[in-house]
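Written below as structure tokens is the structure these notes are about.
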Amino acid sequence: MSEPLMSADEFSAANRLLTGRGRSPEDILRWAVERFGSRLTMATAFGAEGCCLIHMFAEIDPAIRIFNLETGYQFPETLELRERIKTRYGIEVEYVRPELNVEEYEQEHGGPLYRHRPDQCCYDRKILPLRRAVVGYDAWVSAIRRDQTADRRQADLVQWDAKFDLVKVNPLLFWTRKDVWNFIFKHEVPYNPLHDRDYPSIGCWPCTQPVGNGDDERAGRWAGRTKKECGLHVIEHQQGSGI
């Protein structure tokens, strides 16, 4: 793992600056664009939060590279949303795929791995492709919110990501689910229709279920398991770094 691109003092200063009164996610994205330029990228799973950030990037810098980890197990509705985003914003989200397609992968493992080894499936089809995708970049933008999981509650707006060896920027960290949907409705942001069918959080179809009234919004992810993260945003410390 490489040394952080920013010092601890620089991270602290950036977080103080960006958590100042009146600072918006757009302000944080503008800071990231100015600080990292073409060496900034964004990963999106086309969740509601990610669609908000794509809308913001369309106005701030539509040339920023945005990619999706196409595991081969995404819902058809998710893939169709990519085309709607392209039509609306002129932004063609790049697909980043694993080395093996689903048929090859399942043949190698004697069937679907997500049934009995979901962590390994996520590692092979999301974490390894993301590591390849961010080579040559200094920072990546994520759409996590602090109120989603215990790991995410420990995040900062700007932090060193030891797992992927680059700076991680979380513009929506202090937003709530209500903030997200207020923004979507106000700006008519395209979103996944599965959200209207009781899927507040959407991942791969084998590991995502609709949730009941009053359930946690991530209750449908890997339902019946303690696992609630694919691994991209799980804490991995190195010299004081965060998730």
Side-chain angles (χ1 to χ4, degrees), residues 1-15 17-18 25-47 49-71 74 82 85-86 89-99 122-145 151-152 154-173 203 229-243:
M1 292 184 179
S2 61
E3 290 296 314
L5 296 172
M6 295 167 60
S7 68
D9 287 344
E10 287 178 299
F11 278 113
S12 295
N15 280 293
L17 172 70
L18 298 173
E26 291 92 336
D27 293 326
I28 297 166
L29 287 180
R30 291 188 187 96
W31 173 87
V33 169
E34 291 171 6
R35 176 67 172 77
F36 300 107
S38 62
R39 297 179 74 85
L40 175 71
T41 188
M42 173 183 161
T44 181
F46 300 111
E49 293 83 359
C51 292
C52 290
L53 291 178
I54 292 172
H55 178 93
M56 295 175 194
F57 265 130
E59 297 182 344
I60 295 168
D61 188 347
I64 291 294
R65 177 198 181 212
I66 302 175
F67 64 90
N68 166 262
L69 300 173
E70 216 305 70
T71 63
Q74 293 189 104
R82 174 182 180 262
I85 285 171
K86 180 180 177 182
Y89 301 112
I91 294 175
E92 186 168 2
V93 176
E94 175 188 345
Y95 280 144
V96 171
R97 295 180 169 89
E99 291 184 350
C122 289
Y123 181 82
D124 294 339
R125 306 197 71 76
K126 297 191 80 171
I127 293 177
L128 290 181
L130 180 57
R131 283 183 177 159
R132 292 195 300 269
V134 299
V135 170
Y137 288 87
D138 291 338
W140 72 296
V141 174
S142 89
I144 64 171
R145 300 190 341 255
D151 280 305
R152 299 179 188 199
Q154 301 181 53
D156 290 321
L157 286 174
V158 184
Q159 62 192 83
W160 179 247
D161 190 333
K163 187 185 295 288
F164 300 108
D165 284 336
L166 74 173
V167 175
K168 185 176 183 180
V169 183
N170 305 307
L172 302 183
L173 193 64
E229 294 271 13
C230 63
L232 301 183
H233 307 293
V234 172
I235 297 171
E236 184 165 314
H237 292 278
Q238 180 195 31
Q239 298 177 349
S241 59
I243 66 173

Answer yes or no: does atom CD of Glu99 have more than 12 heavy-atom neighbours from other residues, nucleotides or ligands under 6.0 Å?
no
Is the shortest side-chain heavy-atom distance between Lys168 and Ile144 below 4.5 Å?
yes
Please step through side-chain contact (heavy atoms from CB on, under 4.5 Å) for the pair Phe36 and Val167, ending with a clear verdict.
CA-CA 10 Å; Phe36 300 107; Val167 175; 3.9 Å; yes
Roughly how far, to the nearest 0.5 Å, is CZ of Phe164 from CD1 of Ile127?
5.5 Å
About how many Å separate NZ of Lys86 and CD of Glu92, when rounded to the nearest 0.5 Å?
4.0 Å
Look only at the side chain of Arg152 and the backbone of Leu173, and say whether a donor-acceptor pair between them is shorter than 3.5 Å.
no
For the residue pair Gln159 and Asn170, establish whether any side-chain heavy-atom pair is separated by less than 4.5 Å.
yes
How long is the straight-line distance from CE of Met6 back to CG of Asp138, given to the nearest 0.5 Å?
11.0 Å
Point-to-point distance, once rounded to the nearest 0.5 Å, from CD of Glu94 to CE of Met42:
13.5 Å
Heavy-atom check, side chain of Asp124 versus side chain of Pro98, under 4.5 Å:
no
Nearest atoms (heavy-atom pairs only) where Ala143 meets Gly50:
CB-N, 3.7 Å
side-chain hydrogen bond (donor to acceptor under 3.5 Å, both in side chains) with Gln74: which residues, sequence neighbours excluded?
Asn68, Glu70
Kindly indicate whether the side chain of Ile28, heavy atoms from C-beta on, has any atom under 4.5 Å from the side chain of Leu157.
yes
Among Leu40, Val169, Leu166, exactly one meets side chain to side chain contact (heavy atoms under 4.5 Å, CB included) together with Trp140. Which residue is that?
Leu166
Does the Arg39 side chain pair with the main chain of Ala139, one donor and one acceptor, at a distance under 3.5 Å?
no
To the nearest 0.5 Å, tell me how far Trp31 CH2 sits from Leu17 CG.
8.5 Å
Do Leu69 and Tyr95 come within less than 4.5 Å of each other through their side chains, counting heavy atoms only?
no
In terms of heavy-atom contacts, Trp160 and Leu5 come closest through CZ3-N, 3.4 Å
Which pairs pass salt bridge (charged side-chain N to carboxylate O under 4.0 Å, His left out) with one or both residues in residues 26-37, sequence neighbours excluded?
Asp27-Arg30
Side-chain polar contacts of residues 54-64 - donor-acceptor pairs under 3.5 angstrom, sequence neighbours left out - could you list them?
unit_1: His55; atom_1: ND1; unit_2: Tyr89; atom_2: OH; d: 2.8
unit_1: Asp61; atom_1: OD1; unit_2: Ala63; atom_2: N; d: 3.1

On a heavy-atom basis, the closest approach of Pro171 and Ser142 is CD-O, 3.4 Å
